[in-house]
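I have placed the structure first, in the form of structure tokens, so that the comments after it can refer back to it.
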Amino acid sequence: MNKSDSEIVASVLTNGGYTVTTEIGKAGIILVNTCSIREHAEERIRKRLQYFKSLRKNSPGLIIGLLGCMAERTKVALMEEERLLDLIAGPDAYRNLPQLLRQARQGKRVFNTILSADETYADITPVRLDSNGVTAFISIMRGCENYCSYCVVPSTRGVERSRNAETIVKETRDLIENGYREVTLLGQNVNSYHWQTGDQNVSFSHLLEMVALINPLMRIRFATSHPKDLSDELLRTIARYGNLCKAIHLPVQSGSNSVLDMMNRKYTRKDYMDRIIAIRHILPDCAISTDIIAGFCNETEDDHRDTLSLMEWVGYSAAFMFKYSERQQTLAADTLLDNIPDEVKDRRLKEIIDLQQKLSLKSNSEDIGSVFEILVEGISRRSKNHYFGRNSQNKVTVFPNTGTRLGDYVQVRIINATSATLIGEPV
Ligand code: SAH
Ligand code: SF4
């Protein structure tokens, strides 16, 4: 999501007469796009700011600005703390950047952290940064109103709004014309996407269908789905089109009913299991991945075991796993105690990671012998004679280069697997 935002910023500034450089020593302006989801992310940004400060010695006029969620969360307070900041802009203020930069260049310290109810940057064609020319992201909505009790997003990114469907279709068309072969549609809860045009109501299923129909060579992924809103209609749409990828990221957060309730996730363990059964039934070859938080407020050993048992029951192909990090301006920080000792959080997180390692290996090992269509994304980091790409299930697959090019689809038979990678041979 942040990468997608950086591409919007790059577009706004390119139109304003600036150019993007990949050499930091040459930059006259450094804008840091930030995340506030966990404290750790913010700590890393503070360290990075110290490094940027050191660059000022060689480049006295250098402007340093902070963008995104941390800018929104801390507002001017951070400017007071980090005296090196010239500019602060929240996630809905990017159109205002050329003006803010003009003022900053006159020596003023400037900020805009106003959140909008309708900004979607729909008309802005992102400048693709650090791109492999094959895969790209498209933001289809902004903000979130689910108010999961641990989460800072509703306060840093504002109310939920969907982007004009026609602009999403156009952006996808432009991408395929420029050689891209995969787009990931992004939103905090894509299942609640809705756009009204004339008398047509575009739901997320409709949008997926519109995008899938553009060109069968364009693969479509999406993230993230909230379990409470994942409908059978959506699953049936995914089943109908070969280019809608058979991979669903369905964050569970916890396997315990009482923790889910405290998290304000609005589903129970049984509701979640019912959704998994629906996926297995409608999309038998679909991979399921998740997000899990270890050590949320009041989590007991039984609650933790419920998470482990649910993980095992689902058999996730992959997971992002975090230890709970209390964030200011969230329901949990206001109403619950962050009362699980750090060493207990660490131990539970480790148990979750160890289990997921086994589940990923099991899921990948089951693919040995199968043939998948792999979209070639790049040269393997380990060997320049190997390419890597992904199958529809979003599993990274490495195979020897037999004369294919980036952006090609290759049929690959899987001959071996680790917990992170499938290893194959073109057939
Ligand atoms: N909108 C998406 C995910 C947003 S953030 C969704 O609802 O699924 C990505 C992940 O970060 C979350 O799924 C959650 O697992 C994790 N996360 C969010 N806030 C957190 C916090 N305060 N502490 C630890 N992990 C957190
Ligand atoms: Fe945060 Fe919940 Fe919204 Fe995801 S759905 S962004 S976890 S509030």
Side-chain angles (χ1 to χ4, degrees), residues 1-5 34-44 68-70 72-73 91 115 137 139-162 184-193 204 221-230 247-256 259-267 271-272 275 288-299 304 307 310-311 316 318-340 342 344-346 348-349 352-353 356:
M1 211 142 299
N2 263 11
K3 180 160 187 226
S4 169
D5 266 23
T34 60
C35 167
S36 288
I37 280 279
R38 282 164 295 275
E39 198 174 347
H40 180 61
E42 291 200 356
E43 281 162 10
R44 280 178 41 207
C69 288
M70 190 174 170
E72 190 61 50
R73 198 183 74 71
L115 286 174
F137 296 106
S139 273
I140 63 162
M141 50 208 297
R142 299 183 73 82
C144 182
E145 282 164 65
N146 283 308
Y147 292 99
C148 301
S149 64
Y150 51 81
C151 183
V152 79
V153 168
S155 94
T156 58
R157 301 188 74 92
V159 294
E160 182 187 283
R161 54 226 118 115
S162 297
T184 304
L185 306 182
L186 291 178
Q188 296 296 352
N189 176 10
V190 288
N191 308 117
S192 60
Y193 175 91
F204 184 57
R221 302 188 185 280
F222 57 87
T224 300
S225 291
H226 195 300
K228 74 179 167 58
D229 298 316
L230 182 79
I248 295 183
H249 187 63
L250 199 65
V252 66
Q253 315 299 359
S254 167
S256 146
V259 174
L260 287 172
D261 188 41
M262 284 184 290
M263 287 178 164
N264 195 28
R265 286 291 285 180
K266 304 182 188 92
Y267 55 82
D271 297 334
Y272 187 88
R275 291 294 75 212
I288 303 171
S289 55
T290 201
D291 292 350
I292 296 174
I293 299 178
F296 187 63
C297 313
N298 303 327
E299 185 188 70
H304 169 59
T307 299
L310 187 58
M311 289 171 70
Y316 292 111
F320 296 109
M321 298 153 286
F322 313 100
K323 80 175 168 180
Y324 174 56
S325 161
E326 184 180 74
R327 311 306 292 133
Q328 296 311 306
Q329 298 155 35
T330 59
L331 277 171
D334 291 346
T335 60
L336 297 167
L337 283 177
D338 180 13
N339 54 3
I340 306 300
D342 218 38
V344 177
K345 284 185 186 172
D346 283 335
R348 289 182 188 165
L349 179 63
I352 288 170
I353 292 172
Q356 185 52 46

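Since the model is a prediction, treat every value here as computed from it, not as a measurement. For ligands, and for the atoms within them, numbers begin at 1 and follow the listed sequence.
In this structure, Pro227 and Arg265 approach most closely via the heavy-atom pair CD-NH2, 3.6 Å.
Within the 4.5 Å cutoff, no side-chain heavy atoms of Met263 are placed close to those of Cys148. Annotation: side chain of His226 is not in contact with side chain of Ser192 (no heavy-atom distance under 4.5 Å). Annotation: side chain of His40 is not in contact with side chain of Ser325 (no heavy-atom distance under 4.5 Å).
Heavy atoms of Ile37 come nearer than 4.0 angstrom to ligand 1 in at least one pair. At a 4.0 Å cut-off, not a single heavy atom of Glu326 sits close enough to ligand 1 to count as contact. Residue-ligand proximity: Arg327 is placed with a non-hydrogen atom under 4.0 Å from ligand 1.
The aromatic rings of Phe320 and His249 stand perpendicular to each other, their planes meeting at an angle above 60°, with 30° marking the opposite boundary.
In terms of protein heavy-atom proximity, atom 15 (O) of ligand 1 is closest to Gln253 OE1, 2.7 Å. Protein heavy atom in closest approach to atom 3 (C) of ligand 1: Gln188 OE1, 3.9 Å. The protein non-hydrogen atom at the shortest distance from atom 24 (C) of ligand 1 is Lys323 O, 3.5 Å. Of the protein's non-hydrogen atoms, the one nearest atom 10 (C) of ligand 1 is Asp291 OD2, 3.4 Å. With respect to atom 20 (C) of ligand 1, the closest heavy atom belonging to the protein is Tyr150 CD1, 3.7 Å. Of the protein's non-hydrogen atoms, Ser325 N, 3.1 Å is the one closest to atom 23 (N) of ligand 1. The single protein non-hydrogen atom nearest to atom 8 (O) of ligand 1 is Pro251 CG, 3.0 Å, given as residue, atom name and distance. The shortest contact between atom 11 (O) of ligand 1 and any protein heavy atom is with Arg38 NH1, 3.1 Å.
Taking the ring axis of Tyr267 as reference, the NZ or CZ atom of Arg275 does not stay both within 45° of it and closer than 6.0 Å to the ring centre.
Identified under the salt bridge (Lys or Arg N to Asp or Glu O under 4.0 Å) test for residues 151-160, with sequence neighbours left out: Asp5-Arg157.
Taking Lys345 as the reference, Asp338 meet the salt bridge (Lys or Arg N to Asp or Glu O under 4.0 Å) condition, with sequence neighbours excluded. Judged as a ring pair (Phe, Tyr, Trp, His ring centres under 6.0 Å), and not counting sequence neighbours, the contacts of Tyr324 are Phe296.
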Item to check | CA sep, side-chain torsions, deciding dist, call: Met311, Ile292, side chain to side chain contact (heavy atoms under 4.5 Å, CB included) | outcome: CA-CA 9 Å; Met311 289 171 70; Ile292 296 174; 3.6 Å; yes
Checklist entry - Can Tyr150 and Gln253 be said to form a side chain to side chain contact (heavy atoms under 4.5 Å, CB included), step by step? => result CA-CA 10 Å; Tyr150 51 81; Gln253 315 299 359; 3.2 Å; yes
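At a heavy-atom distance under 4.0 Å, only side-chain atoms of Arg265, from C-beta outward, approach ligand 1. Under 4.0 angstrom from ligand 1, the non-hydrogen atoms of Phe322 all belong to its side chain.
Using a 4.0 Å cut-off between charged nitrogen and carboxylate oxygen, Lys228 and Asp271 do not count as a salt-bridge pair.
Excluding waters, the protein N/O/S atoms found under 2.8 Å from atom 1 (Fe) of ligand 2 are Cys151 SG.
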